[in-house]
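Scroll down for the structure; my scribbles are underneath it.
What's counted below: heavy atoms across the whole structure, side chains too, no hydrogens, waters or symmetry copies. As the structure lists them, so they are numbered: ligands from 1, and atoms in each ligand from 1. Since this is a predicted model, take the numbers as computed values, not measurements.
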Amino acid sequence: MDDPPGVAMTGSSGERSERSPAPRGGSRSGPAEPDEAMRFETRAIHVGQDPDAEFGAVNVPIYQTSTYAQPAVGKPKAYDYARGGNPTREALQHVLASLESGTSALSFSSGLGATTTLLLTLKPGDHVVLADDVYGGTYRLLARVMDAWGLTFTTVDMGDLVAFANAVREETRLVWVETPTNPFLKVVDIAEAARIAREAGARCVVDNTFATPYLQRPLELGADVVVHSVTKYLGGHSDLIGGAIVTSDDELIERLTFLQNAAGAVPGPMDCYLALRGVKTLALRMQAHCRGARAVVGFLQAHPKVTRVHYPGLPGNPGFEVAVRQMEDFGGMVSFEVVSRDEAIRVAESTRLFFLAESLGGVESLIEVPAPMTHASVTGSPLEVPDTLIRLSVGIEHPNDLVADLERALG
Ligand SMILES: Cc1ncc(COP(=O)(O)O)c(C=O)c1O
């Protein structure tokens, strides 16, 4: 493969194989623990995924069942009803806990299902501090759903640590971080956010959807909880909707396990199987996404019609130093600005390899204009984004083909 053009960067370009050891546990009732010293790439394939005991199938079977026959009244074997538990789901939870360096994980029907369930741990009057550039759906949930249930929140630029610390109140129970953010790829210092949350007696939650545990492990940096839209890089093939929560907080996981069953936002076994299959190649895919993004950024920076490029790996980016410290590489998301709304729409409608679509994190490259698409729900709010902004999810196609596609579209 030819070397793609690229921008200078620090951080590993994916050659690393020494990863932190697997934590004890995983989800609570998974298969036997493999060697804790295994590297990330190995754990992605083996944790929770022993060959099936009866036939030796090397993939976790899709336990497509809603209920389980019980040998005696009130004495189920392992599971009684599939909203409460499913072996395919357990396997996924087990590997996600390991990859995020947590002791427990729960998977959900969507990223927002995970977020909603986490917010259900709060009470009326509780307060959430939210990054001012979070995923629009997270903001919408707090601003237009949970407000009626008495939750309050404050949005703040978490890059400004003074403003961040001032946004925390006595009633603050969660500090909700997303890094890199969507769509500006701003970087939040997770260790600092965790410190601010801890001092306020609140939990620090990090939405790690954009970075994935391959590039960034918030729990190792002091965060209490990680949430994911599994729909994105973890699944990796644009063929499922899913979510996850990972933590090492036993009290929280007990409450969440109850809420997962009580509120019911559980994933189906087929989606769990697809997510498990996706996770096996997460390391390889992330290396390719990062490589492609660097090539695309190098091209965009030099293009006369591009007025600004947002990418955590640019030394001019205010979050660059923090990104170098807390991420292994800078990820596959890039956004850039052009001169007008019409030009943004024209470019987004002109690419051939980059499909015009919402979402991100799949093997195929996607392009979108956030203002009228993914971020339409935050129009008129503090999270509103300029309509001259274009967001790219750089897939794993050959970087040179992606650059050629953008070159053709920009003209
Ligand atoms: C960063 C982030 N978090 C959460 C979500 C919500 O995930 P889902 O679409 O799986 O509900 C999204 C969706 O785009 C996202 O981008």
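- The two residues A357 and E368 come nearest to each other via the heavy atoms O-CB, 3.7 Å.
- For residues 222-236, no pair satisfies salt bridge (Lys or Arg N to Asp or Glu O under 4.0 Å), with sequence neighbours left out.
- Crowding of E199 atom CD: a count of heavy atoms from other residues, nucleotides or ligands under 6.0 Å exceeding 12.
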Between ligand 1 and the protein, which N/O pairs are shorter than 3.5 Å?
unit_1: ligand 1; atom_1: 3 (N); unit_2: D207; atom_2: OD2; d: 2.6
unit_1: ligand 1; atom_1: 7 (O); unit_2: S229; atom_2: OG; d: 3.0
unit_1: ligand 1; atom_1: 10 (O); unit_2: G111; atom_2: N; d: 2.9
unit_1: ligand 1; atom_1: 10 (O); unit_2: S229; atom_2: OG; d: 2.8
unit_1: ligand 1; atom_1: 10 (O); unit_2: T231; atom_2: OG1; d: 2.6
unit_1: ligand 1; atom_1: 11 (O); unit_2: G111; atom_2: N; d: 3.1
unit_1: ligand 1; atom_1: 11 (O); unit_2: L112; atom_2: N; d: 2.9
unit_1: ligand 1; atom_1: 14 (O); unit_2: K232; atom_2: NZ; d: 2.6

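- Every pair passing salt bridge (Lys or Arg N to Asp or Glu O under 4.0 Å) that includes a residue from residues 399-411 is listed here, sequence neighbours excluded: D405-R408.
- Residues R285 and V363 have side chains in contact (heavy-atom distance under 4.5 Å, counting atoms from C-beta outward).
- Applying the side chain to side chain donor-acceptor pair (under 3.5 Å) test to residues at least two apart or on different chains, the pairs with a partner in residues 356-367 are S238-E364, S365-E397.
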